[in-house]
Amino acid sequence: MIDELHVRDVALIHDASIEPAPGLTVLTGETGAGKTALLSSIKLLVGERADAGMVREGAARLEVEGRLFCRGDGEDGTVVRRRVGSDGRGRVELDGHMASVRELAERVGSTVDLCGQHEHQRLLAPQAHVAVLDSWAGARAAEALEAYRDALAAAGEAAAELERVRDMGRATGERLEEAAFVLRRIDEVDPREGELEELEAQLPRVEHGEALMGAASGARELLSGDGGACDALGDAVRALREASRYDAALDSWARSLESSLIDVEDVASELRDYADEVDFDPEELERVQGRLAQLEGLMRAYGPRMADVLARRDEAREVVSAASDGGELERRAAEELERREAELSRAADALDAVRSEAAPRLAEAVSEQMSFLEMGTAGLEVACERLPRAEWTRSGPSRVELLYRPAAGLTARPLRKIASGGEVSRVMLAVKVVLGEADDCETLVFDEVDAGVGGATAVALASVLARLAKTHQVIVVTHLAQVAVAAEKHYLVRKSGGELPETTLAEITGEERVAEVARMLSGDTGAASRDLAREMLASRAAR
């Protein structure tokens, strides 16, 4: 959702700001007043391509700043600043940090749809149609799509493994000879997992066994030998026990020392066991050092880590095995791929079944909204076409495309081939109303939605836009008074004269809004037109 937009030096706009409502916001004004410049600014805000020709004449650069609230944003939202110089060079900032146009488009582009601006409108891109259908179908489609994607990934991994095995089976004599040499050399040492760490921990004890044994024996003698710590503590305990007959306070100290004596005796016993186990064995030292040297030699050749050595042995073993097992590895890999492909086919069928069931219901719902918008017998169809296996993607195994039927009895054609921008905008409006809260796009900007519209169609259009504004933020450039009075916020776009015309933008309320609605109704602001404008505004406010 766009919270605020500030524009400087874009086309005829020198300096203007807008704070759209969470629901419906309208922009009105005379033809040629500069509303297109504001739409161009929104395009820049969401990551569209920039053009140096958009910079206001005489200015060094244009600048567009905005704050948006996207899903997952904190209380400060996402702050965007985009600058484009008169030389065509641009700068993008996201939350105060430099960013690319691509990052901007990925971060906020998917949250805003410019309906009527054909270069941005996602509804005209066939690859976006499957997402529309899945959003309409809901949880069933999401679950089926997730299962299909898991199966597609598993089949891809199985295909890669089969190719790897086949590649090993095609090993040249030189490669096979090298693998056999590597396997033979590593197997001669026969390292096992974790052995290196065990030897590295064991080496210090083997190297310094004599010193360790001496330290343990000496410490034990000091603790439990004649006149050692145990004897001294025992004498102290007995003395305190004897004296405690005259002062009970001494008994608690006696108990503390007695507890310490038990601990010291335990340590002395453990030191005796340790000294008995430790032994300086030159042969064992030579064995450990020799084994470490062997393992380190392998790591120098095939490392740098022991894990790399073990992986290299496994790889060499597979190459040798593949060349000598008569194709058994390849057969097993091919069977696994066949199994995974069968699972993928079932998942694809399940996904297509969900979509095929939902497609006519979506088409009927959108066509009903199109009828409400006074589009006659025009309708929408949803075509699902199964693709060859090689063309399956993460989106699914079939091509989903929205088709537009201009009137009953006529052939439905791809939506992207509709010539009228007004028709495209109204079809998209119908789609967005049907999707409701399931639509991922939060802000919709309509430019040509009222092209060629009047009378009852204008009333219907205003009603549909008001309904859409309950689930989306909607910004509409309009010439229809019926749409203008339905808005929560109303901005008037004016163009001043002079050598260098300037477009201004201001929110209007009260009598100023009444005058603008009157102008839209009849082209003048006379008393009769104003009375009708007040009546329309009051009627809409009462709903």
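Heavy atoms only: backbone and side chains are in, while hydrogens, waters and symmetry mates are out.
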* Passes side-chain contact (heavy atoms from CB on, under 4.5 Å), L68 versus E442? Steps please. -> CA-CA 10 Å; L68 303 93; E442 300 174 359; over 6 Å; no

| field | From CA spacing to verdict: side-chain contact (heavy atoms from CB on, under 4.5 Å), L5, E65 | value | CA-CA 6 Å; L5 177 65; E65 292 181 291; over 6 Å; no

- Within the distance-only criterion (no hydrogens, no angle test), does the side chain of E103 pair as donor or acceptor with the backbone N or O of S100 below 3.5 angstrom? yes

Side chains of R467 and Q369: is there a donor and an acceptor less than 3.5 Å apart?
-> yes

- request: Mark yes or no for whether R82, through its side chain, and L44, through its backbone, hold a donor-acceptor pair below 3.5 Å.
  value: yes

field: Non-hydrogen side-chain atoms of V493 and L38 separated by less than 4.5 Å
entry: no

Check: Would you call I13 and D9 a side-chain contact if the rule is heavy atoms closer than 4.5 Å?
Finding: no

For this session: For H490 and T28, test the side chains for any donor-to-acceptor distance below 3.5 angstrom and give the result as yes or no.
Result: yes

>> Is there a side-chain contact between R332 and V165 in this structure, where contact means two heavy atoms from C-beta onward sitting under 4.5 Å apart?
In response: no

- With a 4.5 Å limit on heavy-atom distance, are the side chains of E385 and S398 in contact? no

*Flag side-chain contact, heavy atom, 4.5 Å: M306 against E193*: no

Min side-chain heavy-atom separation F446-V477 under 4.5 Å: no

E364 atom CD, over 12 foreign heavy atoms within 6.0 Å: no

Worksheet item: Does one side chain, of R107 or T78, offer a donor that lies under 3.5 Å from an acceptor on the other?
Response: yes

Review point. Can you find a pair of side-chain heavy atoms, one from E338 and one from L162, that are under 4.5 Å apart?
Key: no

Query - Main-chain N/O of G23 paired with E488 side-chain donor or acceptor, under 3.5 Å - result: yes

Keeping the roles fixed (side chain from S496, backbone from E502), state whether a donor-acceptor pair exists under 3.5 Å. yes

Step through the shown structure and confirm whether more than 12 heavy atoms of other residues, nucleotides or ligands are within 6.0 Å of CD on E336.
-> yes

query = Heavy-atom distance under 4.5 Å between the side chains of M370 and Y404, does that happen here?
reply = yes

